[in-house]
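Here's the structure, in structure tokens; my notes come after.
The sequence lines fix the lettering, A, B, ..., with proteins before strands; numbering per chain opens at 1.
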2 protein chains.
Amino acid sequence: MANGAITIEDVARLAGVSIATVSRTLHRPDIVSEKTRKRVEQAIEATGYTTNAMARSLRTMQTHVIVVLVPNIGNPFFSEILLGIEAVASAHGFNILIGNTDNKPEREKSFAAYVRGHQADGMLLLNGHVPLDNGGRLQGRPAALPPMVIMCERIPGLSLPTVRIDNEGAAHLATRHLIELGHRSIAHIKGPEENILTKDRLAGYRRALEEAGIPFEARLVAPGDFSIPSGQRGVERILDEGPRPTAVFCSNDEMAMGAIVALKQRGLSVPGDVSVVGFDDIQFAGSCDPPLTTIHQPRRHIGETAMALMVELLESGSVPEREVVIETELLQRGSSGPPRGP
Amino acid sequence: MANGAITIEDVARLAGVSIATVSRTLHRPDIVSEKTRKRVEQAIEATGYTTNAMARSLRTMQTHVIVVLVPNIGNPFFSEILLGIEAVASAHGFNILIGNTDNKPEREKSFAAYVRGHQADGMLLLNGHVPLDNGGRLQGRPAALPPMVIMCERIPGLSLPTVRIDNEGAAHLATRHLIELGHRSIAHIKGPEENILTKDRLAGYRRALEEAGIPFEARLVAPGDFSIPSGQRGVERILDEGPRPTAVFCSNDEMAMGAIVALKQRGLSVPGDVSVVGFDDIQFAGSCDPPLTTIHQPRRHIGETAMALMVELLESGSVPEREVVIETELLQRGSSGPPRGP
DNA sequence: GAGAGAAATGTAAAGCTTTTCATTGCATAT
DNA sequence: ATATGCAATGAAAAGCTTTACATTTCTCTC
């Protein structure tokens, strides 16, 4: 950096006091006399001093930085959660370091090292798995886990504070909505195979069918990967393979938008011929044509809650082994309606 | 933190060497004998040691962290630029700290303090203005600016390395595209008033009209704020105020999508009655109905270029006073076509 | 086998802050 | 005037690393 950096010593010299007094003026102004405080403040102003955060962190063992592990910042779903995290973080004097993992284990580990290397106080996990290596250690660390809060996906077999939505319940709600409209042949486009979200949402879909006495048909379930094109492909596959369903429940909104594109391309109307329901309520869900019926996740709120839990965890030191389940909501918009009469 | 932290000293003791040797084993393994290196590596493995990044940073005066100031991470436009930054950063061993400013000066300053406080080596500015206070000092700092690279918007009167696209030229291209299709009455929906992007794109629009001998009509220019609803309002206002234009060039894609919604609501077809052209090529531009004709900005590439410039800046120490202009491209999709014949 | 030179290792300082403990200064009470 | 106590300040250690310089150990040559 080589910038003749201004240190606390420079300020002390200019103010004619010891460095301890400068530190106190900054940290606990009440215990320093008014006269010297003024002098010190002037000196700080004159020199343009700001405390070297590294040195402070080294001394206090606190960085006030929280790492957030995100699979993909490009995904607007995550970015709104980040806004919620940000808001609470900055209100409590924390900064967040966003770790874009791309689902690559080596990237996850590199960010986990951040916490281990004392560059961050804790970690928020939006990626659905803890960066643990075989020995049950976090990237080589014995036993004690750093402060962590799991977000959005259940991680089985690990008791860490968790914030999540009831994916199974919400999927059940979405599917029941279609059933109540009168649909009996309801397709589903899944998310990526290993994903827990995928499993939970599929389970909710199946339970709703079951409860309504509708037999589950494997033919009506297409694989997907949460992308728009995979939604298109999913619909095409289902249409090609048998009689047309009257509704499709997609595991996220992007795929639902892809599904609508594919249906339109085949000359089918939405919701006239086929109803489509998504999941997430992303930004464009209300503005596409037709506006998408979907499950609204209060993303901002999820982020806020998780960060609040982290702050509590850091301040109390204790680990509140708690699971917060955030309420979701079905937004009924234009893409779903009753099936065409017989 | 209170985690009986493992320090370099613990490793040294276990390996029976001095801490200097441990440090060297980590830093310059070539200058330590094979035998001791093995012993040290074993001790590191056994203790699960990782170097305390704060202490290292304090010593080396380098953090390998770059702050990126973003107005709004929620905006997918920015998030893809971030991916580009991320990619180059991690390839060079840097981490990025995303500073979501919400366009609030106090937040910008708080992140600028990060650089001043030696918690970051440099700053990438996506927000269009440098967090300078009156005295021409960066948040109180005299003279020397920290390493900064400006992205996406020109900042007048400041000679810092810049990466941007040619907004005026791209807007000109988009407008000329409509003119070449045969349109003569072309509306424009602007971005936020103070924004430089707004001005540049408006200028490009005007130049294209001028070159084609089409008189500029203030009536055909509506204000906007880059949001979907503002695009809707813009179109409604133009339609309400006079004869219908046959095309609309919007200053970004969100507003273009809003414009399409509003046109459809009025029973107008796109592009049959009115052509719409956007700007940015956001993720959903290709999947909406009709697919949006727009200016493609290679966002990832922009991010990569800027971060590469930053790395160069940090490594060479010199400030390459350079302006890189990234090429844009007109993507002709379904939302634009020739005007209906007379 | 001695000595020179190179290689390997150790010692200690520096980087900047916070904080404990000690000291100074002052006011009040005796 | 002296003692007592409190408020304000200072000196110095600690936090962990890197690295310049000093020292030791080794290798090779004569």
Side-chain angles (χ1 to χ4, degrees), chain A residues 1-41 43-44 47-64 113-121, chain B residues 1-41 43-44 47-64 113-121:
Chain A
M1 197 140 285
N3 54 18
I6 300 140
T7 76
I8 198 172
E9 206 164 343
D10 300 321
V11 177
R13 189 166 30 236
L14 184 62
V17 297
S18 76
I19 58 169
T21 302
V22 177
S23 178
R24 278 191 281 256
T25 306
L26 255 36
H27 215 61
R28 306 183 44 197
D30 48 306
I31 63 160
V32 56
S33 81
E34 173 140 355
K35 207 177 66 188
T36 49
R37 191 182 18 163
K38 284 245 171 78
R39 262 217 320 282
V40 171
E41 278 164 359
I44 288 172
T47 53
Y49 168 79
T50 28
T51 76
N52 182 322
M54 293 181 311
R56 163 186 290 161
S57 293
L58 179 58
R59 186 61 230 250
T60 61
M61 288 304 245
Q62 288 197 3
T63 61
H64 282 224
Y114 243 78
V115 184
R116 300 218 323 110
H118 300 271
Q119 265 174 302
D121 294 344
Chain B
M1 196 136 289
N3 54 17
I6 300 140
T7 75
I8 197 170
E9 207 165 343
D10 301 320
V11 177
R13 189 164 30 235
L14 184 62
V17 297
S18 75
I19 58 169
T21 302
V22 177
S23 179
R24 278 190 280 254
T25 306
L26 255 35
H27 215 63
R28 308 181 44 196
D30 47 308
I31 63 160
V32 56
S33 81
E34 172 141 355
K35 206 176 68 187
T36 50
R37 192 183 17 166
K38 285 243 171 80
R39 265 218 317 282
V40 172
E41 277 163 359
I44 288 172
T47 52
Y49 167 79
T50 29
T51 75
N52 182 323
M54 294 180 310
R56 162 186 290 163
S57 293
L58 178 59
R59 187 61 230 254
T60 61
M61 289 304 242
Q62 288 198 3
T63 62
H64 282 224
Y114 241 79
V115 183
R116 299 217 327 107
H118 300 273
Q119 265 175 300
D121 295 344

remark   = By nearest-heavy-atom nucleotide on DNA chain C, the more 5' of B:G16 and B:M54 is B:G16
ask   = Which atom names give the shortest non-hydrogen contact between B:T63 and B:A120, and what distance separates them?
value = OG1-CA, 3.2 Å
Using a 3.5 Å cut-off and no angle test, enumerate the donor-acceptor pairs between side-chain atoms of residues 28-37 of chain A and protein atoms at least two apart in sequence or in another chain.
{"from": "A:S33", "atom 1": "OG", "to": "A:T36", "atom 2": "N", "distance (Å)": "3.4"}
{"from": "A:S33", "atom 1": "OG", "to": "A:T36", "atom 2": "OG1", "distance (Å)": "2.9"}
{"from": "A:E34", "atom 1": "OE2", "to": "A:K38", "atom 2": "NZ", "distance (Å)": "3.2"}
{"from": "A:T36", "atom 1": "OG1", "to": "A:S33", "atom 2": "O", "distance (Å)": "3.0"}

ask   = Side chains of A:L26 and A:Y49: does their closest heavy-atom pair fall under 4.5 Å?
value = yes
ask   = Between residues 24-41 of chain A and DNA chain C, which residues have a heavy-atom gap below 4.0 Å?
value = A:R24, A:H27
request  = Using atom CD of B:E9 as one end and atom C1' of D:dT17 as the other, report the distance to the nearest whole Å.
outcome  = 11 Å
request  = Go through DNA chain C in 5' to 3' direction and return only the first and the last nucleotide with some atom under 4.0 Å of chain A's heavy atoms.
outcome  = C:dC16 to C:dT20
key: Heavy-atom check, side chain of B:V17 versus side chain of B:V22, under 4.5 Å   = yes
request  = Please confirm whether the backbone N or O of B:I19 pairs with a side-chain atom of B:S23, one donor and one acceptor, at under 3.5 Å?
outcome  = no
request  = Work out which heavy atom in B:G117 is nearest to a heavy atom in A:T50; give both atom names and the distance.
outcome  = N-OG1, 4.5 Å
request  = Return yes if some donor-acceptor pair links the side-chain N/O of B:T60 with the main-chain N/O of B:R56 below 3.5 Å, else return no.
outcome  = yes
request  = To the nearest 0.5 Å, tell me how far A:I6 CD1 sits from A:I8 CD1.
outcome  = 13.0 Å
